[in-house]
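Step one of this worksheet: look at the structure below.
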Number of protein chains: 2
Amino acid sequence: MASITNFFDGEKKTMEHHPALASLNQEPDLLKTVLNKEGFRFTSQRQKILDLFQATPLGHHLNAEEIHQQLLDQGEKISFSTIYRALHVMVRLGLLQELELAEGRKYYELNTPFMEQHHHLVCVHCGEVLEFEDTKMTQVGHGESATRGFSLLNCQFTVYGICPSCQSLLG
Amino acid sequence: MASITNFFDGEKKTMEHHPALASLNQEPDLLKTVLNKEGFRFTSQRQKILDLFQATPLGHHLNAEEIHQQLLDQGEKISFSTIYRALHVMVRLGLLQELELAEGRKYYELNTPFMEQHHHLVCVHCGEVLEFEDTKMTQVGHGESATRGFSLLNCQFTVYGICPSCQSLLG
DNA sequence: ATGAATAGCGAAAATGATTTTCAATAACCC
DNA sequence: GGGTTATTGAAAATCATTTTCGCTATTCAT
Ligand SMILES: [Mn+2]
Ligand SMILES: [Mn+2]
Ligand SMILES: [Zn+2]
Ligand SMILES: [Zn+2]
């Protein structure tokens, strides 16, 4: 079965804080280390995609299309197949989070430490996305999965509504 | 922009308890009333789809494919375009909830009164879905959308993990 | 370093859920 | 009943994502 959170269920990183994340900025070839540890190879394409996420403002979420376009804009040509493959690998390694915000496409952002997990408020009209934190969410997620004996991978709380400016537009 | 929760943002029912839901079973042609009130027409196809949801055990979620198959099984031929159109209309009327449980397809279930809103725990390996209730979720959803001036349509809390039996299978 | 083994790349084709098109039909309203 | 038009089914179109395949680049042992 395909999955929202990974493509190789058996060995997915759990919802812990990935030790790589803290130092991804400092260590220049940490990506190589993380990849090789799991048998993946380091490539310039993967580095460029990760760099792009690190250059993306907090609270912004990227999809494959945007990644492709932004890399084009900075003169890097890369194929969609490579982008999709890199995204899967980086989700699998716990470097990225995959999000189902709305409409038929997936969005990605740098993964954040477990206790700083955040959630999303989406305007279904204009697509604006606001982030918020609430530890009650993660507590409930932990509690429920523990109760049922599930090993927790990820919780997503998504609130859909209409933002103030769209409300006035729509009367 | 397309939307998880509806296809015609401006007039979507809000997250209140839809008055139709309580009595959908009793009133035989309540569906007609609800449809006509919004300018839609009553059709036997829409009735059959709603009937199917009412005959579906609680906690089970249907996608377009399953709806098509189940209707075929009971001798009803219906096209996918009609199924998709009916699902959109019924979400729009607040009769159904649209869910993003996992993998690239949408699931539907009868909409439930606001305060009985439930959430989902999904095994990413076998696809099993468990439901749970927690009023903290809806409170946080209300609170966040109020704070930001959003009009709330819907909240979904989805917890992804691996169920006990898949854990033992996977070692 | 060098070379063998193979993971990863790009381009193009394939997939698969959903949407759209369009002519025929059936609901609605007078 | 009859005109208007929303809805239907079948087929074609969309569109994000995945797969295929021949070629290249990374890894790792020599
Ligand atoms: Mn985010
Ligand atoms: Mn449910
Ligand atoms: Zn908006
Ligand atoms: Zn399972």
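Lettering of chains follows the sequences in order, A, B, ..., and the numbering in each one begins at 1. Bear in mind the structure is a predicted one, so any value in this text is a computation, not a measurement.
- Comparing atom distances between the A/Tyr84 side chain and each of D/dT7, D/dT18, D/dT20 picks out D/dT18 as nearest.
- Residues satisfying the ring pair (Phe, Tyr, Trp, His ring centres under 6.0 Å) test with B/His61, not counting sequence neighbours, are B/His120.
- Between A/Phe157 and B/His119, the ring planes lie perpendicular to each other; the angle is over 60°, past the 30° to 60° tilted range.
- Following rounding to the nearest Å, B/Lys106 (NZ) and C/dG16 (P) show an atom-to-atom distance of 19 Å.
- Summarising the geometry, the separation between OH on A/Tyr107 and P on D/dT17 is reported as 9 Å, rounded to the nearest angstrom.
- Looking at every heavy atom in both residues, B/Cys126 comes nearest to B/Cys123 through N-SG, 3.4 Å.
- Using a 4.5 Å heavy-atom threshold, the side chains of B/Leu99 and B/Val129 count as separate.
- Tested against B/His118, the residues B/Glu133, B/Glu109, B/Gln97 include a single side chain to side chain donor-acceptor pair (under 3.5 Å) partner, B/Glu109.
- Taking atom CD1 on B/Ile67 and atom P on D/dG9, their separation rounds to 14 Å, with Å as the unit.
- Not one N or O on the side chain of A/His68 forms a donor-acceptor pair closer than 3.5 Å with the backbone of A/Ser79.
- When the side-chain nitrogen and oxygen atoms of B/Lys32 are compared with OP1 and OP2 of C/dA27, none of them lie within a distance under 4.0 Å.
- In this structure, CG of B/Leu72 is placed 11 Å from P of D/dG9, rounded to the nearest angstrom.
- The closest side-chain heavy-atom distance from A/Leu110 to A/Leu96 is below 4.5 Å.
- Taking only side-chain nitrogens and oxygens, A/His88 comes nearer than 4.0 Å to OP1 or OP2 of D/dT18.
- Shown for residues 73-81 of chain A: residues whose heavy atoms fall under 4.0 angstrom of DNA chain C, namely A/Lys77, A/Ile78, A/Ser79, A/Ser81.
- Between the A/Arg46 side chain and the A/Arg85 main chain, no donor and acceptor come within less than 3.5 Å of each other.
- Atom CG of B/Leu35 is separated from atom C1' of C/dC28 by 13 Å (rounded to the nearest Å).
- Considering only side-chain N and O atoms, B/Asn36 lies under 4.0 angstrom from the phosphate OP1 or OP2 of C/dC28.
- Under a 3.5 Å cut-off, the side chain of B/Gln167 and the backbone N or O of B/Ile162 do form a donor-acceptor pair.
- Per the geometry, NZ belonging to A/Lys37 stands 19 Å off C1' belonging to D/dT26, to the nearest Å.
- In this structure, the CG atom of A/Asn63 is 9 Å from the P atom of D/dA16, given to the nearest Å.
- Residues of residues 41-49 of chain B that place a heavy atom closer than 4.0 Å to DNA chain D, in numerical order, are B/Arg41, B/Thr43, B/Gln45, B/Arg46.
- Per the geometry, CD belonging to A/Glu65 stands 7 Å off P belonging to D/dA16, to the nearest Å.
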